[in-house]
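For reference, the structure is listed below as structure tokens.
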Amino acid sequence: MQGYQKISEALKKSEGERVKVRGWIYRTRSSGKLAFVTVRDESGIIQVIVEKGKLPDEDFNSARKALIESSVEVEGTVHEDERAPNGRELHATSFHVIHFAEDFPITKDQSMEFLLDNRHLWLRSRKLTTILKIRSTLTGAIHEFFRNHDFYEFHPPILQPSQCEGGATLFEVNYYGGKTYLSQSWQLYAEAAIFALERVYDVAPTFRAERSKTSRHLSEFWMAEMEAAWFDLKEVTEFAKKEVKFIIKKILEKHEEDLRFLGREPETLKEMLDKKWPTIKYREALEILKKDGMEVPFGKDLRTIEEQKLMEHFDTPVVVTHYPKEAMAFYKPRDPDHPDEALCFDMLAPEGYGEIVGGSQRSTDINELIESLQKQGEDVEKYEWYLDLRRYGSVPHSGYGLGVERSLAWICKLDNIKDAIPFPRTITRKYP
RNA sequence: GCCGGCGUAGCUCAGUCUGGUGGAGCACUCGGCUGUUAACCGAGCGGUCACCGGUUCAAAUCCGGUCGCCGGCGCCA
């Protein structure tokens, strides 16, 4: 007999075949001479029938005694039975407990706070296991997409001396007695890289010390960013749409059942792939909102409530471009044809999930950059290295960042972004 | 930073309005049961009522403060 099999494979065996599986006890019930123990592994769950007399008494007693989450090795024969959860079950001829678990603290009654306190154990739940599998497919798809398009993976520093996004707050780090900060974007460094590699991308952690307390914010999250020489706004927005569609396609290929389990109908996503995703200008968005009775003056960024209202008109992601220059970060260039607008964009997800991508063409006008930095109260001297990029063979270029957790939360239809990352970090949570 | 909600057994909650010996279900332990589906039946174990102070003969309950967590807004991926 060969070695251990995945439970998903054991479930495919035919009547009477012998298999060996190992995993963790998912549920257990017992009567006097019969115990039902469901065992889970990474791949699935199988019901094991442990019947007194059909295996050593020692094994039977272990099976009766072992609590939920005990680790076990089971050998037996596969039998079809309509009473079994998957229509098939395992009749044990041996049942070995590798470790008898203590009382597992997580039971059927659960609160958000308790599950977050016990995140290290809650990871084993079907919900989080499923999400983590899809997350792995998502980041894998990002790597595949960019490599397919001749991008190099480029690694920026995580410790950075200055900020890049205006307004956002930085985490300060004691750096040999001096100060440095955790990265809130790779962008400035990526801009340096395009003069060498032309097309670069990265999937990396990002840190924002914003005091946001919502189901859409994390203090530590992952961003998939790209930066490409010679791309203009039009090209980069279409490229972003292509990337997100590719991600969805890859997830649909592997995870239809997983998505259903999470409450997301795969059909909804499939339909989006066939549709054209609109690009509208910020000014057009204001017009739409005005018809809905929401008057937003030009110059203000769209707020959550306005984004949600806007997205009621669409059933696919939408790219919004040309936000007002004054509200934007210093590196976003003025549109030469409309000087009050910036050549930038956001991609908004439907169903209230909000912004999942943000990006722009980059300003190549060194004087405009200096002026914007000064206006934001920045110390221009700290950005000298960045300004050098505009002094030696400057070229038009663009880039964007995709929020991994926000995208995942939308694709999986999660209630809370915290479930899109294994160990969420928020303003009030850094344990476990 | 602003606004709101919550905090009682390991977990989920009732009890607080109207002060008077702290409860239920689940989990766990023991016993019973040869087909359970987050099993069932019986018994048992289990408490700093978040913390500090005040009012009162008496406080989980009323008053003041503190802390913790969750959510919404602003800001952002």
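Residue numbers start from 1 in every chain, and the chains themselves are labelled A, B, ... in the order their sequence lines are given, proteins ahead of strands.
Shortest non-hydrogen contact noted between Q5(A) and D41(A) is O-OD2, 4.4 Å. The minimum heavy-atom distance linking P324(A) with K300(A) is given by the pair CG-N, 4.2 Å.
Using a 4.0 Å cut-off, some side-chain N or O of S215(A) falls inside it from OP1 or OP2 of rG72(B). Here R216(A) reaches the OP1 or OP2 of rC73(B): one of its side-chain N or O atoms lies under 4.0 Å away. A close approach under 4.0 Å does not occur between any side-chain nitrogen or oxygen of S31(A) and OP1 or OP2 of rU36(B). Between T428(A) and the phosphate of rC70(B), there is a side-chain N or O to OP1/OP2 separation shorter than 4.0 Å. In this model, the phosphate group of rG71(B) is approached by a side-chain N or O of K418(A) to a distance below 4.0 Å at OP1 or OP2.
Remark: the separation of the P atoms in rC49(B) and rC11(B) is 15 Å, to the nearest Å. Rounded to a whole angstrom, the distance from the C1' atom of rA9(B) to that of rG53(B) is 26 Å. The separation of rC70(B) from rC30(B), taken at their P atoms, amounts to 37 Å, rounded to a whole angstrom. Between rA24(B) and rC69(B), the two C1' atoms lie 25 Å apart (nearest whole Å). Separating the P atom of rC45(B) from that of rC2(B) is a span of 49 Å, rounded to the nearest Å. Rounded to the nearest Å, the gap between the C1' atom of rA14(B) and that of rG47(B) is 16 Å. Annotation: rA27(B) and rG71(B) have their P atoms spaced 28 Å apart (nearest Å). Here the separation of rC62(B) from rG68(B), taken at their P atoms, is 23 Å to the nearest Å.
Between F146(A) and F239(A), the ring-plane angle classifies as tilted under the 30° and 60° cut-offs. Taking the six-membered ring where the residue is Trp, F345(A) and Y400(A) present perpendicular rings, their angle passing 60° and hence far from 30°.
A donor N or O paired with an acceptor N or O is not found under 3.5 Å between the base of rU37(B) and the side-chain atoms of Q47(A). Under 3.5 Å, the side chain of E210(A) and the base of rG1(B) form no donor-acceptor pair of N or O atoms. Counting distance only, with no hydrogens placed and no angle test, the side-chain atoms of S212(A) and the base atoms of rC75(B) include a donor-acceptor pair under 3.5 Å.
Atom C1' of nucleotide rG72(B) and atom CD of E307(A) are separated by 15 Å, given to the nearest angstrom. Computed from coordinates, the R27(A) CZ to rU36(B) C1' distance equals 13 Å when rounded to whole Å. Going from atom CD1 of I45(A) over to atom P of rU36(B) covers 19 Å, rounded to whole Å. What separates CZ of R303(A) from P of rC76(B) is a distance of 12 Å, to the nearest Å.
Closest to the side chain of K108(A), from the set rA38(B), rU12(B), rU36(B), is rA38(B). In the set rA38(B), rA77(B), rG72(B), the nucleotide with an atom closest to the side chain of T214(A) is rG72(B).
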| said: Could you walk me through whether R18(A) and T93(A) satisfy the side-chain hydrogen bond (donor to acceptor under 3.5 Å, both in side chains) test, starting with their C-alpha distance in whole Å, then the side-chain angles of each, then the deciding distance to 0.1 Å, before giving a yes or no? | reply: CA-CA 10 Å; R18(A) 295 193 62 77; T93(A) 52; 3.0 Å; yes
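For the pairing with R211(A), the side-chain contact (heavy atoms from CB on, under 4.5 Å) check across T428(A), I427(A), T169(A) returns one residue only, I427(A).
Applying the 5.5 angstrom centroid cut-off and the 30 degree plane-angle cut-off, the aromatic ring of F221(A) is stacked upon the base of rA77(B).
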